Amino acid sequence: MILEQLDDLTRSIQFSLENEKPDLRLGASDCMSACVCPSLIDYLLNETENISACTGSTPKVTDLLKHRAVDIGLSSDSIEDVPHFQALHFLTERFLFVLPRSLTKQRNISCNQDLVAAVESLPYLRFGKETFDFVQSERIYRSLHFIDQRRIEVDTNFTMMELVARGKGWTILPPLSLWMVNRKLEAVDFLPLSIEATRRYFVVYQEQAFTVLANKILKKTRKIFEKEIFPEMKKVRPELLQFIELE
């Protein structure tokens, strides 16, 4: 009896979402919030009745999804270890070495050994352990056998890019993290890694009632990259485009 009532409730919610504008609680990682959310929310104003959006680190967005505090999330965690979550993959980007341009102008860096030598006197900038990118970037750092050096831990892309631009350190970031602070791109250079290391982005949701809206968000997000972000990136630093793949 209870199961039948739940099925009826699910069908009722689905019918409502398909025939009326739903309320939506959207969660987005810092990077997606900066790159996509203004245009995405503009689009969702016509697809929803009421909308709320929150931004935070990927672990925060994941936690909100797990506790049903948001309905749909844009983040780099597919939550594949938890049953019933759906993850729609839309973008993959490669991690890069990010260095002060003042440094690359002084040195010819053509291999890992050149890189290690070039940054040996500069601090390594990284995010804290509470971020989703920490494990990936730390794995890259260790695999390339950098000698332990001074580390500076920060919690925003803005601070990290500002410090690199000032010549105060170097870091490991994917392209969209650089693009968040694109006003600083003229003062930095980036080099591909010698190993494969990527970050993937997903539209993540749990309730089947939000399937239709999640797919609309997926399509719109792709269009935002194709029509807005990529053309602008091509004007500013076209080299970045080779390290991003839209699915």
Side-chain angles (χ1 to χ4, degrees), residues 22-79 82 85-93 95 98 125-137 153-163 171 173-185 199-207 210 213-225 227-230 232-233 240 244 246:
D23 290 345
L24 173 67
R25 299 168 301 170
L26 179 70
S29 67
D30 298 317
C31 198
M32 282 297 111
S33 180
C35 294
V36 170
C37 278
S39 294
L40 180 61
I41 291 174
D42 188 7
Y43 161 77
L44 288 172
L45 292 176
N46 294 321
E47 300 292 330
T48 60
E49 182 63 29
N50 298 297
I51 183 169
S52 64
C54 64
T55 299
S57 65
T58 288
K60 177 184 175 180
V61 175
T62 296
D63 187 63
L64 291 171
L65 281 163
K66 288 180 177 178
H67 288 88
R68 300 177 187 270
V70 297
D71 306 305
I72 298 176
L74 296 175
S75 80
S76 53
D77 185 0
S78 64
I79 323 184
V82 180
F85 274 96
Q86 305 295 319
L88 309 175
H89 178 214
F90 64 87
L91 183 141
T92 302
E93 54 178 349
F95 278 84
V98 186
L125 297 163
R126 70 179 186 185
F127 292 116
K129 295 180 181 179
E130 70 280 0
T131 61
F132 201 64
D133 290 336
F134 172 83
V135 174
Q136 181 77 302
S137 59
E153 211 168 88
V154 299
D155 64 352
T156 69
N157 285 295
F158 296 96
T159 302
M160 186 172 286
M161 284 288 287
E162 181 70 42
L163 288 170
T171 190
L173 289 174
L176 292 182
S177 292
L178 277 70
W179 188 246
M180 282 180 64
V181 200
N182 56 64
R183 61 188 175 83
K184 291 296 177 181
L185 281 176
R199 179 168 71 177
R200 305 173 76 206
Y201 272 102
F202 306 87
V203 176
V204 186
Y205 66 101
Q206 184 175 16
E207 298 293 343
F210 284 97
L213 192 54
N215 278 280
K216 287 182 178 180
I217 289 173
L218 178 74
K219 292 178 182 177
K220 182 59 180 179
T221 300
R222 285 174 175 154
K223 284 187 178 180
I224 291 169
F225 274 99
K227 304 296 185 181
E228 299 178 29
I229 297 174
F230 288 167
E232 192 62 28
M233 195 177 287
L240 277 177
I244 307 175
L246 196 61

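In this chain, numbering begins with 1 at the start of the sequence shown. Please read all numbers here as calculations on a predicted model, not as lab measurements.
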Side-chain atoms of residues 42-54: list all donor-acceptor pairs with protein atoms under 3.5 Å, sequence neighbours left out, distances to 0.1 Å.
residue: Glu47; atom: OE1; partner: Lys216; partner atom: NZ; Å: 2.9
residue: Thr48; atom: OG1; partner: Leu44; partner atom: O; Å: 2.7
residue: Asn50; atom: ND2; partner: Asp23; partner atom: OD1; Å: 3.0

Could you pull out every donor-acceptor pair under 3.5 Å between side chains of residues 153-163 and any protein atom, sequence neighbours left out?
residue: Glu153; atom: OE2; partner: Arg126; partner atom: NE; Å: 3.2
residue: Glu153; atom: OE2; partner: Arg126; partner atom: NH2; Å: 3.3
residue: Thr156; atom: OG1; partner: Thr159; partner atom: N; Å: 3.1
residue: Thr156; atom: OG1; partner: Thr159; partner atom: OG1; Å: 3.0
residue: Glu162; atom: OE1; partner: Lys184; partner atom: NZ; Å: 3.3
residue: Glu162; atom: OE2; partner: Arg166; partner atom: NE; Å: 2.8
residue: Glu162; atom: OE2; partner: Arg166; partner atom: NH2; Å: 3.4
residue: Glu162; atom: OE2; partner: Lys184; partner atom: NZ; Å: 3.4

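Between atom SG of residue Cys31 and atom CG of residue Leu74 there is a gap of 11.0 Å, rounded to the nearest 0.5 Å. For the atom pair Cys35 SG and Leu91 CG, the distance stands at 9.5 Å (nearest 0.5 Å). Rounding to the nearest 0.5 Å gives a distance of 10.5 Å between OH of Tyr205 and CG of Leu213. From Ile224, atom CD1 reaches atom CG of Leu40 across 5.0 Å, with rounding to the nearest 0.5 Å. Taking CD1 from Ile229 and OG from Ser39, the interatomic distance works out to 7.5 Å, rounded to the nearest 0.5 Å.
Using a 4.5 Å cut-off on side-chain heavy atoms (C-beta onward), Val82 and Leu65 make no contact. Using a 4.5 Å heavy-atom threshold, the side chains of Phe230 and Leu246 count as touching.
Here the closest non-hydrogen pair linking Asn182 and Trp179 is ND2-O, 3.0 Å. Considering every non-hydrogen atom in both Cys37 and Leu26, the closest pair reads SG-CD2, 4.4 Å. Here the shortest heavy-atom pairing between Pro175 and Leu240 reads CB-CD2, 3.8 Å.
The side-chain hydrogen bond (donor to acceptor under 3.5 Å, both in side chains) check on Thr55 picks up Ser33, with sequence neighbours excluded. A search for ring pair (Phe, Tyr, Trp, His ring centres under 6.0 Å) contacts involving Phe85 returns nothing, not counting sequence neighbours. By the side-chain contact (heavy atoms from CB on, under 4.5 Å) test, Asp77 pairs with Thr58, Thr62, Ser75, Ile79, Phe132, sequence neighbours left out. Residues forming a ring pair (Phe, Tyr, Trp, His ring centres under 6.0 Å) with Phe127 (at least two apart in sequence, or on another chain): none. Legend: residues meeting side-chain contact (heavy atoms from CB on, under 4.5 Å) with Asn215, ordered by chain and number and at least two apart, are Leu88, Thr211, Leu218. With sequence neighbours excluded, the residues that form a side-chain hydrogen bond (donor to acceptor under 3.5 Å, both in side chains) with Arg200 are His89. With sequence neighbours excluded, the residues satisfying side-chain hydrogen bond (donor to acceptor under 3.5 Å, both in side chains) with Arg199 are Glu93, Asp133, Ser177, Tyr201. In this view, Asp30 satisfies the side-chain hydrogen bond (donor to acceptor under 3.5 Å, both in side chains) rule with no residue, not counting sequence neighbours.
Pairs engaging residues 53-75 under the salt bridge (Lys or Arg N to Asp or Glu O under 4.0 Å) rule: Arg25-Asp71, Arg68-Glu207 [sequence neighbours left out].
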